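Structure record follows, encoded as structure tokens.
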Amino acid sequence: MSDATIDTAQRVLPAADAPAAPAPGYWKSVGQRLLRDPVTIIVTLMLIGILFITLGAPLVTNADPYAGSVLARLKPIGTPGHWLGTDETGRDLWTRLCYGGRLSLLAAILPVTISLVVGGFLGILAGYSGGWVNTIIMRTMDVFYAFPSILLAVAICGMLGNGLTNSILALGVVFIPPMVRVAETVTTQSRSLDFVEAARASGTTTLQIIRHHVLANVLGPILVYATSLISVSIILSAGLSFLGLGVTPPEPEWGLMLNSLRQAIYVQPYVAALPGVMIFVTSMCFNLMSDGLRSAMDVRLNK
Amino acid sequence: MLVFALRRLLQAIPILLGVSLVVFGLVHLAPGNPIDMLMPPEASPEIVAQMKAAYGFDKPLYVQYLLWLMRALHGDFGLSVFNATPVWGQLVTALENTFILAILGAALGFALGIVTGLIAALYHGRWPDKLASAIATAGVSLPHYWCAIVLVLACAVLHDWLPAQGMGDDSLPIWQRLDFLVLPVVTLSLIPMGVIGRLVRATVLDILGQDFVGALSAKGLTRWPVLRHIIKNAAPPVLALMGLQFGYLLGGSILVETVFNWPGSGNLLNLAIFRRDIPVLQATILVLATFFVLLNLLVDIAQAAIDPRIRR
Amino acid sequence: MSAAITLDPRDRGGPAQPLLSVDGLKKYFPVRGGLLNRQVATVQAVDDVSFSVRKGETLGIVGESGCGKSTTARLLMRLMDPDAGSIVFDGDPVGERAGITVNEMRRQMQMVFQDSYTSLNPRMTMAESIAYAPRMHGTPRKEAFDRADTLLAQVGLNPRQYARRYPHELSGGQRQRVNIARALALEPRLVILDEAVAALDKSVEAQVLNLLGDLKSRFNLTYLFISHDLNVVEYMSDRVMVMYLGRVVETGPVEQIYRRPRHPYTRALFASKPTLDPDRRTTEMPLTGDPPNPINPPSGCRFRTRCAFAKDVCAQSAPPLAAPLDGEVADGPPHLVACHLPEAQAAMGANTHA
């Protein structure tokens, strides 16, 4: 038999040489790959810019977002003192757009955060426990999956009554089922990975395994998914306000502004379209950022 | 195959039951009794009680649910609280109108999506790919209600090309009012175009990268057989997404219908919310969600028919 | 070696007591299907398997893929729960009130998996992976990492060079060395090697096998060596257990099994073993066809559908594992075979003259 081959082989060979410099950690290499992607950098800079003009609104405009003037109603773009024009009650549109981003972003990001926490928890629970826990959680999610998202959001929001809190709650509920599915799929996959089994075999407790082995695997995909959800959430939350189900006047909010300016479309067509531009650009930025993150986190690329 | 179809059908039943529970439960998210909100504050308690009895709101919740479900199964959703006409009749008219928009929007969107996706994949990495991908990504991130406004702006306000709102004169047959369809249909087609375009691009690139396509070309099979293989392998995921997207168009048309004042199911739902017209609201959501479930079912079965691997 | 073993403070019953004894281990997997997704059948992955492992020996388990080798390993580690059967570790029943807990057993019994890549967390460095289990068991960080460095050196990897690397930067053989180091980090007494060298190149395989031999004598280890490779099993094992469709068909000292196989299946298995030596070319009929479907295994003796000697009795009852029917007794551990027929056991194949 093959005794001969084994005996002639050297005993306990030092392993062959490998590249000298130790490689960076996983997240560091993701960061490095992100920095090499021009689209992601541009998009991130744009988002930082949007964050700056909304959170730092008082720094970029002196006007009061609530103070209108009967004399200055519906001025066109390029009016001195109102470079983006004014709305139907004479409020400065640039100021309204800056301040409006605060509520629009809040109403979009908070539901995703809620779904990230609740959905991530339920998904990991379902994926790691399997069995009847999985069945109960996943079948319940299937029921919510049976509603097109905007329909469910409108229905919940419509029944709870309008308002910022209700719109955030409604969208949070809408986003939980897909988040659970993503988390559950990744958890189930990582549960059967050999290194998780090896950790179990060495007597590591379930909580420790989830913290050290499963979470690291699940976090990437659900964060990528969450950024792409923010893009959807911006459109939906502004849409709820547009329908009159979200933020209530006179608060500045892009969807609501779009709705009230819609009446003025025959008077100041370009001004009326501006809030939508903000929704579109912000949503697009999150979408592209999610694409960039996804490809930067794809481990297959660095193998 | 038949077993698979039957099994999926059986699986849809508990989901539909769950859907009906959610729809019924939604109404009770709102504080107070639906009748209390509708009646003027000065109404005498007897009349309020009478109204509650007439609409069945005086019974225990589970009895209300079962009664509602039983009637709903027969297509009887009661009378509108707002104008006391049968809900079913209103709903059918509205659904027909939504259906017209959804079918045409989906057809246009899918066609454009497949074309942009194919172009992007075949010119992978070159400028047509970048352009097509940009269009697709923009389509996904567009707030379509804003897009509707921009289209109205361009075609109805700045130029007088197309009507901005409504369905036109009811007495005329639909083919003489096609101009009313153009703007809503184009608006609705944008999201499916973007979504389908992105998926077609990714799927086709994936297939082109697989060994068997190379093997086919190596065997001297050119163009058409290779294309047939691509279609056969790309069809199931694309088909599944198309089904979902069509469902979203049906159920998610509320925003676009509001902008164009299109008398469809979304508009009906919007009105029902503001009028607190519970029977109409429940019926609309239930019917739309049921459509969505059945649509997914059909897509699953169609997928399994194309790709035997999916059948388990 | 036995002197060294008695010095192990964890040794309870002395050298005569088996380190591991397994009795009546069973695992059936349900097969679901049909319209309502009901259970329509069971796969009898492991069916009434009993064996014991002596202190300091290497027990090899061989069989075709799907014979239940790997399921047995997972059941022993309690990565899945057995449907029936008991596991006794050095006199202590595992998971019973009178014995030790599953976790106490896992500290003394470790496993090396086949796939060296997937069994390491891609986001942990080699040192982190090795130090992980001791740290979870309360070893201070510094001590655990120092020990990881020592272990790396002991498996032939320079800790300065490899401690801070990630799995994808190492070759398969290097990764498997790390997996071995990780298994040793908890200072186990028994190591289960589940196809641990199957995925490696032949030359690397030889190095890892030699490493395993060295480590065994250095740390007084006992091995359960699972493989489908007959040559490797012969090289590594003191005793061999042959499995077929979830059952043990033959067990005994390695020379006995390899020189004088008694079960028709064992002989057929050896007949299909590749050899380069023209003198050892066999004339015995090799196995034909696939093993029967484990969902509906044959009644009685599971091998009878492929056995040239099969008679009616083989279909009626499952043969017990017993001493060969010709009464021949060899020295050392008993040679046991599960076969009804004396003529089948006595038949000599051409490969047995070696």
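A, B, ... follow the sequence lines: proteins, then strands. Residue 1 opens every chain. It should be emphasised that the depicted structure is a prediction, and the values quoted were computed from it without experimental measurement.
- Per-residue heavy-atom pair counts under 4.5 Å with chain A were compared for B:Ala138, B:Ser253, B:Gly266, and the maximum is reached by B:Ala138.
- Shown here for A:Arg262 and B:Ile149, the closest heavy-atom pair between the two residues is CD-CD1, 3.7 Å.
- Neither the backbone nor the side chain of B:Ala272 comes within contact range of chain A, judged by heavy atoms closer than 4.5 Å.
- Here the closest heavy-atom approach between residue A:Val277 and residue B:Trp146 is recorded as CG2-CZ2, 3.5 Å.
- Using a 4.5 Å cut-off between heavy atoms, A:Asn259 does not touch chain B at all.
- In this structure, the portion of A:Asn287 lying under 4.5 Å from any heavy atom of chain B is its side chain and not its backbone.
- Contact of A:Phe144 with chain B is made through the side chain alone, with heavy-atom distances under 4.5 Å.
- Closest of all the heavy-atom pairs between B:Phe292 and A:Ala146 is CD2-O, 3.0 Å.
- For A:Leu240, no part lies under 4.5 angstrom from a heavy atom of chain B.
- When all heavy atoms of B:Tyr145 and A:Ala238 are compared, the pair lying nearest together is OH-CB, 3.2 Å.
- The two atoms that bring A:Ala155 and B:Leu26 nearest to each other are CB-CD1, 3.6 Å, heavy atoms only.
- Taking 4.5 Å as the limit, every side-chain heavy atom of A:Leu151 sits out of range of all side-chain heavy atoms of B:Ile254.
- For the atom pair CG (B:Leu142) and CE (A:Met284), the distance works out to 8.0 Å, reported to the nearest 0.5 Å.
- From A:Phe147, atom CZ reaches atom OG1 of B:Thr290 across 8.5 Å, with rounding to the nearest 0.5 Å.
- Residue A:Ile235 touches chain B through both its backbone and its side chain, counting heavy-atom pairs closer than 4.5 Å.
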